[in-house]
Amino acid sequence: MKKAVQYMIWNLKTSFTDKRIFAGYLIGILSIIKQSINFRMYTGSHTINVSECFIVSSRQTGLYIIGAIIILSDAPFINSGSFVMIHRIKRNAWYKASWMYMFTHMLIYYGTLVIASILPFITKAYPENEWSLSVLWMKGGMTEKMNKYNIAPVSKYIFEFKPLATLIITITLLILYSMIYTSLMFSLNLFFDKKMAGTFAAGGVVILSEFIHKQMVYAPMWVKKLSLYRNYLFTAFYNPSNMTVSFSLCYMGLIVFIAYVIGEIIIPRSEFILTY
């Protein structure tokens with residue numbers, strides 16, 4: 001495990017010199033700031049809790065996921081300096097290191113987005129862990145003012161939690177959702193020895209899932225409950241009796257675990273090729 005951690009740290013350090021990763025972070029940062037500015041204009045002169053900046057802005061998440069996919073689109077992360085490291089630590093350790101690398105990048109990525117979302121509110125955000133009036137009013141549904149600033153309403157369910165707890169849950173679900181798609185990229189690229197096969201597949205699934213979500217208004221509840229899109233978007237839980245945090249965390253965590261196991265099966269059958 002020690003060698004796996006060392007390889008993960010080495011890979012992480014070298015990755016930040018890649019322009020593609022910079023582009024992925026930039027897409028996420030610019031999109032969250034744009035949405036946060038809309039929220040800033042919506043709140044007017046009112047102050048808000050520091051956690052609410054990301055909680056509300058994360059309702060518009062399409063570009064954030066695309067940014068995450070771009071950051072890890074070079075899966076399975078084999079470059080000219082990796083072969084010696086892989087030979088030293090063996091394939092199983094390399095595989096564990098790659099998963100730690102993906103998770104760490106997603107943790108840094110969404111942490112960066114949280115910080116970026118606060119910037120427009122730097123003089124208007126308070127640290128006390130209590131909901132602001134601006135957000136409490138949003139649980140009443142869409143209003144003309146919200147529509148004007150492209151602000152989506154939040155579920156009444158989130159107010160069962162404090163803002164900080166809601167922020168942690170939101171980020172956790174986003175990381176799990178992103179890990180599902182990045183693990184798909186990883187496994188497909190590894191299996192087909194093509195660095196773009198999984199990337200295009202993951203991007204296509206993201207677009208398709210959002211399209212299907214919009215067509216699910218009249219779908220049975222059990223179908224809606226299994227929708228990845230609905231499960232990761234905690235702030236949009238419309239029916240607490242059917243959509244709960246515990247179910248979403250377990251359901252998405254199970255999918256990530258299955259993806260990890262599938263990767264372990266693929267590893268012995270794969271040939272390593274350069275991804276950059």
Side-chain angles (χ1 to χ4, degrees), residues 12 21 24-36 39 48-72 99-122 125-132 135 138 151-155 157-183 202 206 209-210 227-237 240 243-257 259-260:
L12 194 65
I21 290 180
Y25 272 85
L26 189 61
I27 288 172
I29 290 170
L30 291 179
S31 61
I32 192 74
I33 288 178
K34 179 180 180 297
Q35 191 60 29
S36 191
F39 184 39
I48 67 165
N49 175 268
V50 68
S51 300
E52 294 172 339
C53 307
F54 185 80
I55 291 170
V56 174
S57 298
S58 66
R59 288 285 279 111
Q60 311 289 343
T61 52
L63 284 176
Y64 314 156
I65 303 300
I66 297 299
I69 289 176
I70 290 173
I71 290 169
L72 298 176
W99 270 77
M100 288 189 287
Y101 169 81
M102 291 191 291
F103 175 79
T104 304
H105 245 311
M106 291 299 93
L107 195 62
I108 295 172
Y109 175 66
Y110 286 111
T112 301
L113 296 193
V114 170
I115 295 172
S117 70
I118 298 172
L119 295 179
F121 290 92
I122 200 70
Y126 58 84
E128 289 81 7
N129 196 22
E130 297 293 339
W131 293 104
S132 68
V135 174
M138 292 172 64
I151 303 296
V154 295
S155 168
Y157 182 45
I158 71 170
F159 298 106
E160 295 183 10
F161 304 87
K162 292 288 188 179
L164 182 58
T166 301
L167 176 65
I168 293 171
I169 293 168
T170 301
I171 293 173
T172 302
L173 289 173
L174 276 169
I175 290 175
L176 286 174
Y177 186 69
S178 299
M179 287 294 291
I180 290 172
Y181 287 109
T182 53
S183 62
V206 169
S209 66
E210 294 204 24
S227 165
L228 288 176
Y229 189 92
R230 289 179 70 91
N231 276 280
Y232 93 88
L233 210 51
F234 172 52
T235 51
F237 282 5
M243 302 292 292
T244 63
V245 171
S246 56
F247 173 81
S248 294
L249 290 173
C250 292
Y251 173 55
M252 297 181 73
L254 177 63
I255 294 175
V256 171
F257 175 74
Y260 178 84

Would you name the heavy atoms of I71 and I21 that are closest together and state the gap between them? O-CG1, 3.6 Å
Between the side chain of T182 and the main-chain N/O of M179, is any donor-acceptor distance below 3.5 Å? yes
pair S36-L119: side-chain heavy atoms closer than 4.5 Å: no
Would you please test T170 and Y110 for side-chain hydrogen bond (donor to acceptor under 3.5 Å, both in side chains) and show each step? CA-CA 10 Å; T170 301; Y110 286 111; over 6 Å; no
Taking the six-membered ring for Trp, are F39 and F121 ring centroids under 6.0 Å apart? yes
Is it the case that over 12 heavy atoms from other parts of the model lie below 6.0 angstrom from the CZ atom of F257? no
I'd like to know if the side chain of E52 and the backbone of N49 have a donor-acceptor N/O pair within less than 3.5 Å. yes
Do side-chain atoms of S248 reach the backbone of V245 as a donor and acceptor pair under 3.5 angstrom? no
Test item: W131 side-chain N/O and F161 main-chain N/O as donor-acceptor pair under 3.5 Å: yes
Flag, side chain of Y177 to backbone of Y181, donor-acceptor distance under 3.5 Å: no
Side-chain (N129) to main-chain (L164) donor-acceptor, under 3.5 angstrom: yes
Between S132 (side chain) and I48 (backbone), is there a donor-acceptor pair under 3.5 Å? no
Can you check whether Y64's main-chain N or O pairs, donor with acceptor, with Y109's side chain at less than 3.5 Å? yes
